[in-house]
Amino acid sequence: MPNIDEDARRWQMEISANAAAGLRYWRQDVRGITAATLARRCSELGFPVTRVAISKIENNSRQGKLEVSELIVLARALRIAPVQLLYPHIPDGRVEYLPHSVVRETVALDWFVGRGKMHLDAHDQKLLEIAQRSSPDELSENRRKLDENREYDEAVLRVQILDELGTLEQEAAQAFIRLRHPSLAGDSEQAVKARDAIGQRLTKVMADIDGVLYDLKSLGMVVNDEDHRYG
């Protein structure tokens, strides 16, 4: 372990204890499998994590150490998302996701996967200046938070656009399923109206998908349009 002060060490042990609790919870309480079985699954995935190593992780007896490779393969072997090991008490838990920064685990989750903010307590700078209720130091601190939020937003833009694309594609797929439902077959007035309504919404969704694909291409991402066609 690197030479760090006691408070930093405390946080390191705290965050690894969360992962320890998450691993034990998902392995034992949810999946109901032994450490040996989990170790075998990890080996089958191509990265061995021994039964002894799993026991040490669960007991948080490795000086706060958990390799990224271990986190990934353990989560895969447990059929969960890696972030569920770091924040095992979603949605109701709270976590010290950074030293001295305690938030709801859902807030930490959103930040971790690119859907949140660096600082939820940052305010509109101009409004603070107009209100004249903040000290120069408070204004400077708020400006710093806004700058960090902006940098974060720019960095995770692709993630957020992909989230939007995924939502639109799910809606399009569901629309095509509904259009093929037997109840919408035939020429009855009700069936025709239903098909028209679904068709109009589907046209809008497909146009939105084209717009999102354009946004992704403008960010330099390689997009195969044929992978995003339905019907």
Side-chain angles (χ1 to χ4, degrees), residues 1-2 4 8-9 11-99 103-116 152 155-170 173-174 212-213 216 219-224 226-228 230:
M1 177 180 291
I4 57 177
R9 176 183 171 81
W11 177 76
Q12 183 180 32
M13 295 298 293
E14 178 73 20
I15 206 70
S16 65
N18 281 350
L23 178 58
R24 186 168 53 251
Y25 168 72
W26 283 102
R27 177 190 66 78
Q28 183 174 288
D29 299 341
V30 179
R31 300 304 183 212
I33 60 176
T34 65
T37 297
L38 181 57
R40 175 179 55 78
R41 289 184 181 181
C42 291
S43 294
E44 291 172 350
L45 288 169
F47 187 86
V49 182
T50 67
R51 178 187 60 79
V52 173
I54 291 171
S55 177
K56 288 183 177 180
I57 294 171
E58 290 185 349
N59 291 321
N60 200 23
S61 59
R62 295 206 308 180
Q63 300 296 307
K65 294 180 181 178
L66 177 62
E67 301 291 341
V68 174
S69 53
E70 292 174 328
L71 178 72
I72 292 172
V73 77
L74 285 168
R76 180 73 175 195
L78 288 167
R79 283 69 157 168
I80 63 174
V83 73
Q84 290 177 280
L85 290 178
L86 295 178
Y87 309 136
H89 307 297
I90 294 169
D92 299 321
R94 297 183 68 81
V95 62
E96 188 179 358
Y97 82 122
L98 289 172
V103 297
R104 297 193 314 276
E105 288 197 353
T106 50
V107 172
L109 168 67
D110 284 344
W111 163 75
F112 195 93
V113 300
R115 295 199 303 256
Y152 176 86
V156 301
L157 181 58
R158 294 185 182 190
V159 173
Q160 294 171 349
I161 293 176
L162 287 172
D163 279 346
E164 181 183 358
L165 178 61
T167 299
L168 290 169
E169 288 184 329
Q170 289 180 5
Q174 289 299 316
V212 171
L213 294 176
L216 290 174
L219 291 172
M221 295 185 68
V222 177
V223 178
N224 184 354
E226 293 303 317
D227 291 338
H228 305 277
Y230 302 87

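Every value quoted in this text rests on a predicted model; they were computed, and no experiment measured them.
Qualifying side chain to side chain contact (heavy atoms under 4.5 Å, CB included) partners for A81, counting only residues two or more places apart in sequence or in other chains: V83, Q84. With sequence neighbours left out, the side chain to side chain donor-acceptor pair (under 3.5 Å) criterion links E105 to no other residue. With sequence neighbours excluded, the residues satisfying side chain to side chain donor-acceptor pair (under 3.5 Å) with N60 are S16. In this structure, Y25 has no ring-ring contact (aromatic ring centres under 6.0 Å, His included) partners at least two apart in sequence or on a different chain. Among residues two or more places apart in sequence or in another chain, the side chain to side chain donor-acceptor pair (under 3.5 Å) test is passed with Q174 by none.
Under a 3.5 Å cut-off, the side chain of R158 and the backbone N or O of L216 do not form any donor-acceptor pair. No donor-acceptor pair closer than 3.5 Å links the side chain of W26 to the backbone N or O of L85.
Contact record, Y97 with V103: CD2-CG2, 3.7 Å, taken as the closest heavy-atom pair. Contact record, Y152 with G116: CE2-O, 3.1 Å, taken as the closest heavy-atom pair.
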Extract all donor-acceptor atom pairs below 3.5 Å that involve side chains of residues 40-57 and protein atoms in other chains or at least two apart in sequence.
unit_1: R40; atom_1: NH1; unit_2: E44; atom_2: OE2; d: 3.0
unit_1: R41; atom_1: NH1; unit_2: A77; atom_2: O; d: 2.8
unit_1: S43; atom_1: OG; unit_2: A39; atom_2: O; d: 3.3
unit_1: T50; atom_1: OG1; unit_2: A53; atom_2: N; d: 3.0
unit_1: S55; atom_1: OG; unit_2: N59; atom_2: ND2; d: 3.4

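Heavy atoms of other residues, nucleotides or ligands lying less than 6.0 angstrom from CZ of R31 number more than 12.
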Test N18 against L86 for side chain to side chain contact (heavy atoms under 4.5 Å, CB included), laying out the working first.
CA-CA 6 Å; N18 281 350; L86 295 178; over 6 Å; no

